[in-house]
Amino acid sequence: MRKKVLVAMSGGVDSSVAAALLKEQGYDVTGVTLKLFSNEDIGIERSRTCCSLTDIEDARSVAFRFGISHHVFNFGEQFREQVIDRFARSYMFGQTPNPCIDCNRYIKFSELLERAMMFDMDYIATGHYARIELDRNTGRYLLKKALDASKDQSYVLFGLTQEQLKRTLFPLGSLNKSEVRRLAEERELVNAKKPDSQDICFVKDGDYAAFLENTMKLVSPPGNFIDSAGKVLGIHKGIIRYTIGQRKGLGLSFGSPKYVVRKDIENNTVVLGDESEIYSDSMTVKDLNLISVKAVTRPTAAAVKMRYGQKEALAVLYPLGNGKIMVRFDKPQRAVAAGQAAVFYNGDTVIGGGTIE
RNA sequence: UGGGAUAUAGUGUAAUGGUAACACACUAGACUUUGACUCUGGUAUUGUAGGUUCGAGCCCUGCUAUCCCAG
């Protein structure tokens, strides 16, 4: 009996090649493209998002070529609630969200997986660059970095549970991006040369502040820029437009570069300071999801990533006993922002992660 | 009103009389399935009108503006 796999096909190269490979490996493959929002809803028309009409057509075209049946699931409502609303709320609280992680956690690997189970599938698969392995000693499924370190996406997948990992396949985990493109070209996929996706998929031109204000109707009034001593330095354009460590777009000029050090929602002020003021030597992480271990019960050395595409920082994890972990860095880290994800690694293996408090 | 000082890109500064530099801001791009950071490039004929000089931001004169001290 061939294993049944539901492949999430965004219309990009990666997931297309993933689907093709699974098919070639003998799986019973079904393709699905998630419709997460309507461009009309968010006021955009662009081809580089993950769910425009042309993306759906690209996915369908690839599926057709390989004799894979293809469906479109409308997850607009879930995406709205679990990703876009969270994103907006986070900014309103003065935090810095990572919608891609929420999308993986709440949409792709929960809503989609649920559907797959309903349809009696054995697995779901995506084009993510990461690897899953079963640890025979502990019986736990491990999430590991992709072999292509430059494309590794384990960071955005740290929220996966054991149940989800058990049911997931990442066919690209051991491939290089260039190999994937080559495989796509060999198979003459329509999207072989399609550019990589980037920026927030539901935000036009990367201008998330405009999205929050215009589409989400968030109101973020102007307030004061102050220094750490409380001295007023100027007027800011709404607190949602700033994030910790930000330098550009302040609209102010001093003798040296100034960065956002802190945001004070209560007083609607943004604190600016010199580069030296944006380093932290520790942070607290909440909403933990642990993968390689069941629990962190004693101080543990780890490499920690606080943002996608950043090399990890060496640190020690201290369990706080209340479901949180205190991370003490070996060297102070720049611009640690509340709301961002912190992911702990032991070599190539993801220990787990959580949200920076 | 009298005396003094200064006027260089959005801001703050630099430039032995020889064809405008630096930082911040702004902007374009690179990087990037988050926000940032970072990197590369772009952006002024020097308040104004004349004069001296082969040549002036730099010297001289008028005007204008601003600042300071006197009242």
Side-chain angles (χ1 to χ4, degrees), chain A residues 8 10-15 18 34 36 46 48-51 55 79 83-84 86-88 90-109 126-130 146 149-159 170 172 177 194-203 205-212 225 233-234 236-237 239-263 270 272 274-275 277-280 305-311 313 333-343 353 355-356:
Chain A
S10 66
V13 228
D14 292 333
S15 55
L34 308 183
L36 302 176
R46 84 179 219 184
R48 287 166 77 178
T49 68
C50 52
C51 19
D55 289 322
F79 190 76
V83 180
I84 299 183
R86 270 173 204 282
F87 178 74
S90 177
Y91 266 110
M92 283 310 273
F93 285 127
Q95 307 208 313
T96 307
N98 185 330
C100 294
I101 286 178
D102 287 338
C103 181
N104 285 329
R105 175 167 17 187
Y106 299 111
I107 306 295
K108 292 176 191 153
F109 295 94
T126 69
H128 282 108
Y129 288 84
S150 69
K151 294 303 293 183
D152 171 53
Q153 292 175 313
S154 57
Y155 174 79
V156 292
L157 299 167
F158 83 90
F170 293 139
L172 307 187
K177 182 73 187 196
K194 197 167 173 179
D196 288 5
S197 63
Q198 52 187 236
D199 294 336
I200 304 174
C201 69
F202 54 89
V203 170
D205 297 330
D207 190 349
Y208 73 86
F211 170 80
L212 291 174
F225 277 127
L233 302 174
H236 73 238
K237 293 182 288 210
I239 209 159
I240 60 167
R241 311 187 86 92
Y242 308 95
T243 187
I244 308 302
Q246 181 172 331
R247 170 180 175 180
K248 298 283 181 184
L250 302 181
L252 294 176
S253 168
F254 304 93
S256 62
K258 294 294 177 193
Y259 300 84
V260 174
V261 175
R262 197 154 43 76
K263 301 203 284 182
V270 175
L272 303 182
D274 292 321
E275 188 180 12
E277 295 181 62
I278 61 174
Y279 284 83
S280 317
K305 230 169 151 175
M306 278 84 66
R307 54 177 67 75
Y308 186 80
Q310 172 213 40
K311 70 174 190 212
Q333 295 300 305
R334 182 191 183 104
V336 174
Q340 290 279 286
V343 179
T355 305
I356 299 171

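Between A:Lys151 and A:Asp14 there is no salt bridge, since no side-chain nitrogen of the basic residue lies less than 4.0 Å from a carboxylate oxygen of the acidic one.
Here the separation of B:rC22 from B:rA14, taken at their C1' atoms, is 7 Å to the nearest Å. B:rA49 sits 35 Å from B:rG41 when the P atoms are compared, rounded to a whole Å. Comparing B:rA30 with B:rG47, their C1' atoms sit 40 Å apart, to the nearest whole Å. Using atom P as the reference point in both B:rU45 and B:rG10, the two lie 10 Å apart (nearest Å). When the C1' atom is compared between B:rG18 and B:rG55, the two are found 6 Å apart, to the nearest whole Å. Atom name P, nucleotides B:rG57 and B:rG51: the rounded distance is 15 Å, in whole Å. The same atom, P, is picked in B:rU64 and in B:rA21; the two are 33 Å apart, to the nearest Å. Across B:rG12 and B:rG71, the matching C1' atoms stand 34 Å from one another, rounded to whole Å.
Of the possible polar contacts, none joining the A:Lys177 side chain to the A:Ser150 backbone as a donor-acceptor pair under 3.5 Å is found. Listed for the A:Gln246 side chain is a donor-acceptor partner under 3.5 Å among the backbone atoms of A:Lys248. Counting only distance, with no hydrogens or angles, the side chain of A:Asp199 and the backbone of A:Gly206 share no donor-acceptor pair below 3.5 Å. A donor-acceptor distance shorter than 3.5 angstrom exists from the side chain of A:Tyr208 to the backbone of A:Ile240, with no hydrogens or angles considered.
Rounded to a whole Å, the CZ atom of A:Phe87 is 12 Å from the C1' atom of B:rA36. A:Gln310 has its CD atom 15 Å from the P atom of B:rU32, to the nearest Å. Put simply, OH on A:Tyr242 is 13 Å from P on B:rA25, counting in whole angstrom units. Distance CZ (A:Phe93) to C1' (B:rG35): 18 Å, rounded to an integer number of Å. Whole-Å rounding puts the A:Lys263 NZ to B:rA36 C1' distance at 11 Å. The separation between A:Met306 atom CE and B:rU32 atom C1' is 17 Å, rounded to whole Å. Distance A:Lys311 NZ to B:rU32 P: 17 Å, rounded to the nearest Å. For A:Asp196 and B:rU34, the CG to C1' distance is 16 Å, given to the nearest whole Å.
For A:Arg241, the salt bridge (charged side-chain N to carboxylate O under 4.0 Å, His left out) criterion is met by A:Glu213, not counting sequence neighbours. Here A:Glu275 pairs with A:Arg334 under the salt bridge (charged side-chain N to carboxylate O under 4.0 Å, His left out) rule; sequence neighbours left out.
Looking at heavy-atom distances under 4.0 Å, A:Pro97 makes contact with a base. Note on A:Leu250: only backbone sugar-phosphate atoms sit closer than 4.0 angstrom, heavy atoms only; bases stay farther off. Contact annotation for A:Gly251: backbone-only contact, meaning every heavy-atom pair under 4.0 Å involves sugar-phosphate atoms and none involves a base.
In terms of heavy-atom proximity, A:Val261 sits nearest to A:Leu272 at CG2-C, 3.8 Å. Contact record, A:Leu172 with A:Tyr129: O-CD2, 3.7 Å, taken as the closest heavy-atom pair. Contact record, A:Ala341 with A:Phe158: CB-CE2, 3.6 Å, taken as the closest heavy-atom pair.
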Below 3.5 Å between N/O atoms, which protein atoms pair up with nucleotides 37-41 of chain B? Just atom names and distances, please.
unit_1	atom_1	unit_2	atom_2	d
B:rC37	OP1	A:Arg247	N	2.5
B:rC37	OP1	A:Lys248	N	2.6
B:rC37	O3'	A:Arg334	NH2	3.2
B:rC37	O2'	A:Arg334	NE	3.0
B:rC37	O2'	A:Arg334	NH2	3.1
B:rU38	OP1	A:Arg247	NH1	2.5
B:rU38	OP1	A:Tyr259	OH	3.0
B:rU38	OP2	A:Arg247	NH1	3.4

Could I get a table of every N or O pair under 3.5 Å where one atom is in the protein and the other is in nucleotides 8-10 of chain B?
unit_1	atom_1	unit_2	atom_2	d
B:rG10	N2	A:Ser253	OG	3.4

Using Watson-Crick and G-U wobble pairs whose two distances are both under 3.5 Å, how do you write the pairing of RNA chain B as dot-bracket, with | for links to another strand? (((((((..((((.......)))).(((((.......)))))....(((((.......)))))))))))).
Verdict with reasoning, A:Ile84 to A:Phe211, per side chain to side chain contact (heavy atoms under 4.5 Å, CB included): CA-CA 10 Å; A:Ile84 299 183; A:Phe211 170 80; 3.8 Å; yes
Evaluate side chain to side chain contact (heavy atoms under 4.5 Å, CB included) for A:Leu34 paired with A:Phe79, printing each intermediate quantity in order. CA-CA 10 Å; A:Leu34 308 183; A:Phe79 190 76; over 6 Å; no
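When each of B:rU32, B:rU34, B:rA36 is scored by its nearest atom to the side-chain atoms of A:Gln198, the top-ranked nucleotide is B:rU32.
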Would you mind writing out the side-chain donor-acceptor pairs for residues 90-100 of chain A within the sub-3.5 Å range, not counting sequence neighbours?
unit_1	atom_1	unit_2	atom_2	d
A:Thr96	OG1	A:Thr243	OG1	2.7
A:Asn98	OD1	A:Cys100	N	3.2
A:Asn98	OD1	A:Ile101	N	3.4

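Because its glycosidic torsion is more than 90° from 0, B:rC26 is reported here as anti.
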